[in-house]
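The structure appears right after this line, and notes come after that.
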Amino acid sequence: MSEHGNPRKGGRFPLRLDQVASAPKPAAPRELLRPQAHLQAVERERRVQGGQTPQGVGLDSIHVRRRMVERLRADGLSHPLVLDAFARLPRHLFVDTALVNQAYEDTSLPIGLGQTISKPSVVGAMVALLCARPGLRVQLDQGKPLGSCLEIGTGCGYQASLLALMARQVVSVERLRDLHLKARQNIDTLRRNEPGWPDVRLVYGDGMLGHPPQAPYDTIIAAAGGSQLPQAWLDQLAPGGRLVAPTAHPGGAGQVLTVVDRHADGRLEQTVSGAVLFVPLKSGIT
Ligand code: SAH
């Protein structure tokens with residue numbers, strides 16, 4: 001075959017049309033890649049909202065958060081207050097600039113110092129468990145089912161800010177000073193962007209000791225897992241209160257989510273709900 005490549009007899013250029021091999025069929029239509037779709041949706045939403053300028057790359061938009069909420073709902077999260085809190089809280093304000101594009105994925109993300117912000121679906125499941133505490137007084141605690149809430153492991157402050165929407169007060173303890181300070185900055189930024197967002201009391205200390213000054217708590221949630229539940233947490237759990245924390249799998253590998261209820265008569269009842277993976281609970285401060 002010559003360089004010009006026509007094996008047919010008499011194949012000289014220019015070829016007559018009937019000598020040309022049939023043209024390849026057009027490929028089946030593919031789904032178009034639309035990298036701008038996300039921003040266009042945000043822009044449409046902006047116009048509907050009357051033209052207020054969204055900041056950043058559209059992550060400030062309720063649109064991206066609603067998509068995350070719809071995925072959480074499809075995966076079984078049904079508590080309306082928890083879903084509403086996820087829809088309101090801008091997660092991208094709490095993650096590193098380099099990771100903002102993943103802020104609304106259902107994934108845990110690094111927040112520095114070897115720690116991670118938990119997956120929204122895991123946060124949602126734990127908070128929904130807290131909201132369903134047996135001591136909830138439906139009339140009195142309306143809109144604030146978490147009552148007085150203690151969080152162990154502030155991290156970047158995302159979960160604490162979510163809890164704040166459903167609690168009368170949130171106290172959150174962090175043992176790493178740099179994260180404690182970063183959480184303060186993040187929550188201040190949030191409160192500047194979203195005036196009226198309830199504040200959180202951030203404590204730099206060893207959360208294994210709980211936080212006695214504000215005890216007892218109606219709800220206690222830990223974002224780090226140890227081999228056992230510290231006695232201080234059980235002591236600081238109010239009657240009618242519920243604690244949710246990852247703990248080492250009894251006699252096995254990995255962690256499970258442990259739920260402890262304190263009944264009105266003071267009795268404690270412990271149940272276990274599913275395997276989880278959290279960073280380790282460590283004692284002392286750094
Ligand atoms: N709720 C956090 C998740 C942080 S990861 C968020 O939304 O970002 C868990 C955190 O628990 C880490 O920051 C880790 O430093 C902290 N931690 C581990 N042991 C602790 C302890 N004994 N007291 C307080 N914080 C602790």
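Hydrogens, waters and symmetry mates are skipped; everything else that's a heavy atom, side chains included, is used. As the structure lists them, so they are numbered: ligands from 1, and atoms in each ligand from 1. These numbers were taken from a predicted model, which means no experiment stands behind them.
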Pair V260-L234, side-chain contact (heavy atoms from CB on, under 4.5 Å): steps then yes or no: CA-CA 8 Å; V260 179; L234 302 175; 3.9 Å; yes

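Among protein heavy atoms, atom 9 (C) of ligand 1 sits closest to A223 O, 3.3 Å. Counting only heavy atoms of the protein, atom 12 (C) of ligand 1 lies nearest to Q115 OE1, 3.2 Å. What sits closest to atom 13 (O) of ligand 1 on the protein, heavy atoms only, is E174 OE1, 2.7 Å. When hydrogens are left out, the protein atom nearest atom 22 (N) of ligand 1 is K282 O, 2.5 Å; that is the closest non-hydrogen contact. Summary of contacts: the protein heavy atom closest to atom 7 (O) of ligand 1 is Q159 N, 3.1 Å. Protein heavy atom nearest atom 25 (N) of ligand 1, with residue, atom name and distance: R175 N, 3.3 Å.
Within the listing of ligand 1, atoms 13 (O) sit less than 4.0 angstrom from a heavy atom of L179. Ligand-side atoms of ligand 1 in range of M208: 22 (N), range being under 4.0 angstrom from any heavy atom. Ligand-side atoms of ligand 1 in range of V279: 5 (S), 9 (C), range being under 4.0 angstrom from any heavy atom. Listed by number with element, the atoms of ligand 1 under 4.0 angstrom from any heavy atom of D206 are 21 (C), 22 (N), 23 (N). Atoms of ligand 1 lying under 4.0 Å from at least one heavy atom of E151, given by number and element, are 1 (N).
Checking E151 against S172 by side-chain atom types alone, a donor-acceptor pair falls below 3.5 Å. In summary, the side chains of S108 and S118 do not present any donor paired with an acceptor at a separation below 3.5 Å, with no hydrogens or angles considered. Side-chain polar atoms of E269 and H263 form a donor-acceptor pair below 3.5 angstrom.
With a 4.0 Å cut-off on non-hydrogen atoms, T116 touches ligand 1 through its backbone and not its side chain. With a 4.0 Å cut-off on non-hydrogen atoms, L176 touches ligand 1 through its side chain and not its backbone. Residue contacts with ligand 1, taken as heavy atom pairs separated by less than 4.0 Å, involve C156 via backbone and side-chain atoms alike. When non-hydrogen atoms are compared, ligand 1 lies under 4.0 Å from the backbone of T154 (N, CA, C, O) but not from its side chain.
Using a 30° and 60° split on the angle between ring planes, F86 and Y158 fall in the tilted class, from 30° to 60°.
Ionic pairing of E70 and R67 is not present here: no N-O contact between side-chain nitrogen and carboxylate oxygen is shorter than 4.0 angstrom. We find that D218 and R168 are joined by a salt bridge, their nearest charged nitrogen and carboxylate oxygen being less than 4.0 Å apart. Between D199 and R191 there is a salt bridge, with a side-chain nitrogen of the basic residue lying less than 4.0 Å from a carboxylate oxygen of the acidic one.
Looking at Q185, R184, R192 one by one, the single match for side-chain hydrogen bond (donor to acceptor under 3.5 Å, both in side chains) with D188 turns out to be R184.
In this comparison of G153, A222, P280, the heavy atom closest to atom 11 (O) of ligand 1 sits on G153.
A cation-pi arrangement, defined by a distance under 6.0 Å to the six-membered ring centre and an angle within 45 degrees of its axis, is present between R88 and W197. Cation-pi geometry between R175 and Y204 is not met: the NZ or CZ atom fails to fall both under 6.0 Å from the ring centre and inside 45° of the normal.
Polar contact with ligand 1: present for G207 (N/O pair, distance under 3.5 Å).
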